[in-house]
4 protein chains.
Amino acid sequence: MILDAAVRVFATKGYHTSRVGDIAEEAGIAHGLLYHYFGSKEEVLQTVFRENWSQLLEAFTRIETSDDPPLEQLGAIAKVLLRSWRDQPDLVRVMVREVARSPQLHGQVDEIRAVFVVIQRVIERGQADGSFRPEVDARLASWIFYGGLEELLTGWVLGQLPDGDQEVARAEQTVVDLLCGGLTRAGAVAPV
Amino acid sequence: MILDAAVRVFATKGYHTSRVGDIAEEAGIAHGLLYHYFGSKEEVLQTVFRENWSQLLEAFTRIETSDDPPLEQLGAIAKVLLRSWRDQPDLVRVMVREVARSPQLHGQVDEIRAVFVVIQRVIERGQADGSFRPEVDARLASWIFYGGLEELLTGWVLGQLPDGDQEVARAEQTVVDLLCGGLTRAGAVAPV
Amino acid sequence: MILDAAVRVFATKGYHTSRVGDIAEEAGIAHGLLYHYFGSKEEVLQTVFRENWSQLLEAFTRIETSDDPPLEQLGAIAKVLLRSWRDQPDLVRVMVREVARSPQLHGQVDEIRAVFVVIQRVIERGQADGSFRPEVDARLASWIFYGGLEELLTGWVLGQLPDGDQEVARAEQTVVDLLCGGLTRAGAVAPV
Amino acid sequence: MILDAAVRVFATKGYHTSRVGDIAEEAGIAHGLLYHYFGSKEEVLQTVFRENWSQLLEAFTRIETSDDPPLEQLGAIAKVLLRSWRDQPDLVRVMVREVARSPQLHGQVDEIRAVFVVIQRVIERGQADGSFRPEVDARLASWIFYGGLEELLTGWVLGQLPDGDQEVARAEQTVVDLLCGGLTRAGAVAPV
DNA sequence: GATGAATGAGATTTCATTCAT
DNA sequence: AATGAATGAAATCTCATTCAT
């Protein structure tokens, strides 16, 4: 499938360095055919983004609407995001490197924001039910939380952090432990 | 100066979309002259990176070698990174978007790592002196910490987070409060 | 019908700028089907040309072989050509713009010439029977005559000349008055 | 010079069939250089048109503002146009085949019209001074006149009419004799 | 007859880089 | 140091044509 091929190629060479012909070759088709399905190279990238980001959003939303307490919801969100590295590393590579901060992405800003808003709501709910400290700015916290997760993915993408099964599991634990419990002694938190 | 012009152009259009002629025009010189000072377009980007990243590293190192307690050192690191947005937004834009995850930067991996290592050592020192919880993986924590900071920068770069003076100050406070104190009630921490 | 669709499309966008898919879409068929009926895009154009040009030639020939005096025959020829604009403007557009001078039409030169030859013979007959001035080169005159008519069509095609019913009728009158008035010994000529 | 090369190439192969590389090769430059001077292939064609059409317009205007009687002015206009074939056949080929009736030419409509207006004014002046028949529509007549001339050029371009020096001179004479003979009161007209 | 996915030659255009001046 | 004309590799995209279904 063309999108899968595109993800593999973008992951390997980066969007700008990938040629349309590379994608076509990887997909086993003539490059012209790509233009039957996509109007341009950029549209391919945007489609990759849209399809997968909306999946992410759905997963997050499912978590948000579950009956779990907010603390566990944050843990579940972390798990979804970090597990995606094990499951679809190329996709993560592309989402992290090419899409998330590209200047070309102005059209998708709303979709990006939606993910942060979900996290923010979970935090706010935790503040409302008394399990989270109310004085923290929930919006900023949602960005910090997401950033921490994404940086772990980045570390794996760049080969700077070990990414065995154990390490990934440990990372999940660390993120929640850290962000929810804090570094300082006082704030220890039970494993999720 | 050529590098300043390059930063402005890269910040606006992204590295790949910027033409050498754009940089030259912004710098008020003929594009041929750029090749007297830099061997290639990529060398310009790398120079931007090197000069500024090493400045960042120096600042972090100064903080690390101060006599402040680890908790305050983390706060100082956050302040340096986040204040840079107010001082040199274009530069931050470039560092965040183009450099930090670009495949072009394989040569600079060591320099990038150095920054994380500083953070990691601060955390480890805090664990050693008893102010930080020892069970947290310091390496992962350093990435998460940096990621949280970078995502705030990203939010400002993308125009998704308000970036007035007050908000930037508030963000500094939130990062440290959150990462050090945790979200949950038990772990409150005094303002730095 | 495919040819009609082709004429409409060629008239609107010009031959070279028209895609086979445009013609097919206009005809309401899949583009592949077009190749059951025509060997190539160019063959479509040539067929348009051949079918209509031969009709024109027939009409001219009918006029030539009528019993009318040469002067009236020229008027009838002008009327046929100019009226075609009212009846089939798209077709005229194509014939005028694409066909008459296209390098693609080298095979059809003979057919094109035939039309001029008819006009030339009418003129020669008029010179023979004394109604036209004998010193005029009949061959050149036939081209000038045809050119005058075609330029009126061009004016209409380009939207530079008013093309209401009255104006078209007036144009017929003017052409004959002008061109034949110059041919006839005395100058002025009665309306045809 | 690039424009000259373009004219030669367009004249030989037609605009759409000519590749940018053909023009560059004919001009003895790399094709990229063409884009220093022209934004696109179409701009090359438009420049060819504009530069030469405005020259034509100047020539016509000079004739119009001379002291010669209208009849002689028409003769001079015919001479300029027809002589251009001898002087710059490739240019005429391009102007006649590619430019004058191209759908791409919507921007230049005003410039085209200006030429016709000059002719029209000459005719009107002839009607005013009594040398031309007043009942003829001067505007239509200008189009017919120009069309007759252009068709002669077309005949030469297509190789359908003999174009030796003598024949060109003869054609000039015939056009005026024919078209002006019809305009003048009495019919016959002295050679110009 | 009819479809439209698939092909791939080939066209335009871009732009980093060179180098004579 | 400084210019910008010149180069040409390379990239994207188009579209006539084919052909399995």
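Here is the naming used below: chain letters follow the sequence lines, and residue numbers restart at 1 for every chain.
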In whole angstrom, give the distance that lies between atom [atom1] of [X] and atom [atom2] of [N].
X	N	atom1	atom2	result
A:Ile2	E:dT7	CD1	C1'	13 Å
A:Glu42	F:dC13	CD	C1'	14 Å
B:Leu34	F:dA1	CG	P	13 Å
D:Leu33	E:dA16	CG	C1'	16 Å
A:Ile29	F:dC13	CD1	C1'	14 Å
D:Arg19	F:dC13	CZ	C1'	18 Å
C:His16	F:dC15	NE2	P	12 Å
B:Asp22	E:dT14	CG	P	13 Å

Whether C:Trp85 and C:Trp156 hold their rings parallel, tilted or perpendicular, with breakpoints at 30° and 60°: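 Plane angle under 30°, so parallel.
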From NE2 (A:His16) to CD (A:Glu98), nearest 0.5 Å: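 Between atom NE2 of A:His16 and atom CD of A:Glu98 there are 8.0 Å.
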Interatomic distance at P, E:dG1 relative to F:dT21, whole Å: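 So the two P atoms sit 22 Å from each other.
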First of B:Gly32 and C:Ser18 reached from the 5' end of DNA chain F, by closest nucleotide: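 Checking each residue's closest nucleotide, the 5'-ward one belongs to B:Gly32.
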Of C:His36 and D:Ser40, the one whose closest DNA chain E nucleotide lies more 5':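 Whichever sits nearer the 5' end wins; that is C:His36.
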Watson-Crick or G-U counterpart of F:dA1, or none if no pair lies under 3.5 Å: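 Looking at the geometry, F:dA1 pairs with no nucleotide.
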For E:dA11, the Watson-Crick or wobble partner whose two distances fall under 3.5 Å: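 Because both required distances fall under 3.5 Å, E:dA11 counts as paired with F:dT12.
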Side chain to side chain, C:Val48 and C:Leu91, heavy atoms closer than 4.5 Å: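 SC-SC contact between C:Val48 and C:Leu91 confirmed.
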Nucleotide nearest [X] (side chain, heavy atoms from C-beta), chosen from [options]:
X	options	value
A:Tyr35	F:dT7, E:dA16, F:dT12	F:dT12
D:Val20	F:dC13, E:dT12, F:dA1	E:dT12
C:His31	E:dA6, E:dA11, F:dC13	E:dA6

Sugar-phosphate, base or nothing in reach of B:Tyr37, heavy atoms under 4.0 Å: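 Since only primed, P, OP1 and OP2 atoms lie under 4.0 Å of B:Tyr37, the category is sugar-phosphate.
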Shortest non-hydrogen contact between B:Ala6 and B:Val44, atoms and distance: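 What the structure gives for the nearest pair is CB-CG1, 3.5 Å.
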Partner of D:Asp22 by side-chain hydrogen bond (donor to acceptor under 3.5 Å, both in side chains), out of D:His31, D:Lys13, D:Arg8: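 Among D:His31, D:Lys13, D:Arg8, the one that satisfies the side-chain hydrogen bond (donor to acceptor under 3.5 Å, both in side chains) with D:Asp22 is D:Lys13.
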